[in-house]
Each structure stands twice: as C-alpha cells, then as structure tokens.
Amino acid sequence: MAAIITADWCDRAATAVAPDLIGCTLVRQFASGIIVRGQIVETEAYMPGDPACHAYRGQTRRNAAMFGPAGVSYVYFIYGMYHCLNVVTDAVGQGSAVLIRSAQLESIPPDLPPKQASQPKRIAAGPGKLCRALQLDRAYDGLPLEPATGLWLEHRRGDPPELVQTTRIGLSQAQELPWRWFLKGSRAVSRGIQSSR
DNA sequence: CTGAGGATCCTG
DNA sequence: AGGATCCTCAGC
C-alpha cells in the first residue's frame with residue numbers, strides 16, 4: 001500500500017506541487033465504505049498574485065480554505081452545476097491551490113448518473129466530472145486530506161512520469177501562464193488530448 | 001437587495 | 001456556438 005501524502009508535502013508553491021501530483025493516487029471512501037482510487041492525470045496551479053486565482057482579490061467565505069494550511073481540500077461550486085476539487089498548497093496566509101482536473105479511476109464509483117456509463121476511463125476526465133463521480137460538494141471544502149475524512153492522496157511509486165506542461169483552461173485572465181500539467185499520452189485528460197483554449 | 005459572472009460540460 | 005443553472009460577491 002502506497003504512502004499517504006501529508007500536509008507538509010503540500011506546503012510548497014502550487015507550481016511545484018501541481019506537476020508532482022501527476023501520477024499520484026486520489027482515494028475516495030464513500031459513506032458505504034466503498035473505496036475508489038484514481039490516478040491523477042491533469043492538474044493546474046493557482047498562485048498568490050495570479051489574476052485567475054480565486055484568492056486574488058483577498059479572502060472571502062468561499063475561498064477561505066485557500067488561505068489556510070496546506071494539505072486541505074478547497075471545493076467550490078461553479079456554473080450552477082459543478083463542483084471542483086483543489087488541494088490547498090503553501091503556507092498559511094498564501095492563497096494558493098492545485099486544481100485536480102482529471103483522474104483515471106481504477107473502478108466504477110457507486111450511484112453514477114446513468115448518462116456517464118460510456119467510457120470508464122473518462123468518468124473523471126474533467127474537474128466537474130471528477131467531483132460528480134466521487135460525490136464531492138461543498139461539504140468537502142476545508143477538510144484535511146486524510147483517511148478519516150474519506151478523501152486523501154497517496155504517493156506514486158516508480159519512476160517520475162512523462163509530463164506535458166501547457167496553459168490553463170477556461171480562464172478569462174492570465175491565460176498565458178503555463179501552469180497546467182498532464183500525463184503524456186493519457187486518454188483520461190479533460191477534453192481529450194487538447195492543450196489549451 | 002440586485003445583478004453579473006464564473007477554474008464546466010454536453011448538445012447541435 | 002449556445003444553454004443549463006445558481007452560488008458568490010461587489011455595489012448601491
């Protein structure tokens with residue numbers, strides 16, 4: 001069984017954590033006890049001073065977790081429909097996090113919406129789809145990433161994977177910053193194998 | 001209290 | 001290309 005990722009490992013700049021998280025495992029234990037694992041294949045970094053970062057205009061109720069200690073979840077609600085999962089990074093007071101955009105699940109999670117049955121590899125291909133598949137909502141905002149909360153991370157084993165670094169997706173500001181990483185050749189990346197928008 | 005916008009996703 | 005859908009925050 002792989003080693004669990006600790007808070008101090010996340011206590012670095014988001015741009016350092018984001019590529020290191022590729023190939024690591026996101027683990028979700030549902031209330032029923034069922035455990036689903038997924039290999040993280042796509043991440044984005046959001047930094048202090050970054051206009052696209054939710055923390056850019058200071059702390060609010062919504063983004064409070066980003067200013068807290070590293071190794072905690074930040075889950076937000078977007079477009080009236082989707083939730084997105086982040087790992088909070090860096091020191092207390094630094095509003096920064098890594099968005100988990102896609103994971104390749106090792107098993108089919110329970111209670112999937114009927115529509116999502118098609119491609120197993122793509123069940124969590126995209127930040128909104130990932131949270132829907134793993135049943136994560138704002139109740140999971142601000143929780144330490146550890147087994148007791150039903151959501152945690154495990155280190156990868158073996159050699160570092162081959163990464164592609166490119167620009168982030170879906171932004172109206174700071175679109176030029178190359179702070180998105182994905183696993184080279186992965187078919188579980190959001191929007192197929194696209195690079196940017 | 002009001003309104004504008006958003007780190008998405010699916011359909012046509 | 002456009003629509004669904006609603007929370008959040010800034011502004012009045």
Side-chain angles (χ1 to χ4, degrees), chain A residues 10 13-19 21-22 26 38 40-68 70 72-90 94-105 109 111-142 145 151 164-183 186-197:
Chain A
C10 302
T15 44
V17 175
L21 273 176
I22 304 293
L26 177 66
I40 296 172
V41 299
E42 184 182 6
T43 59
E44 286 178 356
Y46 289 88
M47 296 281 284
D50 164 15
C53 179
H54 285 175
Y56 184 62
R57 286 176 177 78
Q59 183 171 339
T60 65
R61 183 198 248 70
R62 175 213 205 192
N63 66 20
M66 296 184 83
F67 291 87
V72 167
S73 61
Y74 165 52
V75 177
Y76 65 90
F77 182 67
I78 191 77
Y79 298 121
M81 227 175 278
Y82 297 100
H83 294 272
C84 296
L85 169 68
N86 294 254
V87 176
V88 174
T89 53
D90 221 321
Q94 300 292 308
S96 68
V98 172
L99 172 68
I100 309 297
R101 285 195 60 91
S102 301
Q104 182 166 336
L105 303 186
D111 305 321
L112 267 194
K115 190 206 293 187
Q116 238 183 79
S118 56
Q119 289 269 355
K121 277 185 179 173
R122 301 194 53 79
I123 286 174
K129 296 172 70 178
L130 185 147
C131 283
R132 192 174 51 182
L134 300 183
Q135 299 176 32
L136 299 173
D137 58 22
R138 284 230 88 198
Y140 274 80
D141 179 58
L145 296 168
L151 185 66
V164 178
Q165 178 177 6
T166 180
T167 51
R168 298 175 294 183
I169 288 183
L171 305 181
S172 56
Q173 307 204 53
Q175 301 165 353
E176 71 286 357
L177 296 174
W179 287 350
R180 170 173 172 245
W181 290 264
F182 62 88
L183 186 60
S186 172
R187 277 188 250 183
V189 168
S190 66
R191 302 171 177 273
I193 310 282
Q194 310 320 326
S195 52
S196 58
R197 179 197 288 181

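None of these values were measured; they are calculated from a predicted model. The chains referred to below are lettered A, B, ... by the order of the sequence lines, with proteins before strands, and numbering in each begins at 1.
- Tyr46(A) qualifies as a stacking partner of the dA7(B) base, centre to centre under 5.5 Å and near-parallel within 30°.
- Aromatic stacking is marked for Tyr79(A) over dT8(B), as both cut-offs hold: 5.5 Å for the centres and 30° for the planes.
- Taking atom CD of Gln173(A) as the reference point, atom C1' of dG5(B) lies 11 Å away to the nearest angstrom.
- Phe77(A) and His83(A) have tilted rings, their planes meeting at an angle from 30° to 60° on a 0 to 90° scale.
- Closest approach to the Tyr76(A) side chain among dC9(B), dA7(B), dC9(C) is made by dA7(B) (side chain taken as heavy atoms from C-beta onward).
- The NE2-C1' distance, from His54(A) to dC7(C), rounds to 12 Å in whole Å.
- Between Ser172(A) and dG6(B), a side-chain N or O to OP1/OP2 separation shorter than 4.0 Å is present.
- Rounded to an integer number of Å, the gap from CG of Asp137(A) to P of dT8(C) is 12 Å.
- A distance-only check finds no donor-acceptor pair linking the side chain of Arg187(A) to the backbone of Arg122(A) [under 3.5 Å].
- With a cut-off of 3.5 Å on both pairing distances, dA7(B) has no Watson-Crick or G-U wobble partner at all.
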Chi angles and distances behind the side-chain contact (heavy atoms from CB on, under 4.5 Å) call for Arg168(A), Asp50(A): CA-CA 12 Å; Arg168(A) 298 175 294 183; Asp50(A) 164 15; 2.7 Å; yes
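- Put simply, Arg138(A) has a side-chain N or O that comes within less than 4.0 Å of OP1 or OP2 on dT8(C).
- Computed from coordinates, the Ile169(A) CD1 to dG6(B) C1' distance equals 16 Å when rounded to whole Å.
- When each of dC9(B), dA7(B), dC9(C) is scored by its nearest atom to the side-chain atoms of Leu99(A), the top-ranked nucleotide is dA7(B).
- Straight-line distance from the CG atom of Asp141(A) to the P atom of dA7(B): 15 Å, rounded to whole Å.
- Of the candidate nucleotides dC10(B), dT8(B), dC7(C), dC7(C) has the atom lying nearest to any side-chain atom of Phe77(A).
- Judged by distance alone, the side chain of Asp90(A) and the main-chain N or O of Ser96(A) form no donor-acceptor pair under 3.5 Å.
- When the P atom of dC9(C) is taken as reference, atom CE of Met66(A) falls 13 Å away, rounded to whole Å.
- The CD-P distance, from Glu42(A) to dT8(B), rounds to 10 Å in whole Å.
- DNA chain C is contacted by both Gly80(A) and Arg62(A); Gly80(A) maps to the nucleotide lying nearer its 5′ end (nearest heavy atom per residue).
- Of the listed nucleotides (dT5(C), dC10(B), dT8(C)), dT5(C) has the atom at the smallest distance from the side chain of Met81(A).
- Between the side chain of Thr43(A) and the main chain of Val98(A), no donor-acceptor pair closer than 3.5 Å is present.
- Within the structure, every side-chain polar atom (N or O) of Arg180(A) is placed at least 4.0 Å from both OP1 and OP2 of dA7(B).
- In this structure, the CD atom of Gln59(A) is 12 Å from the P atom of dA10(C), given to the nearest Å.
- Distance from the side chain of Tyr82(A) is smallest to dT8(B) among dA7(B), dG6(B), dT8(B).
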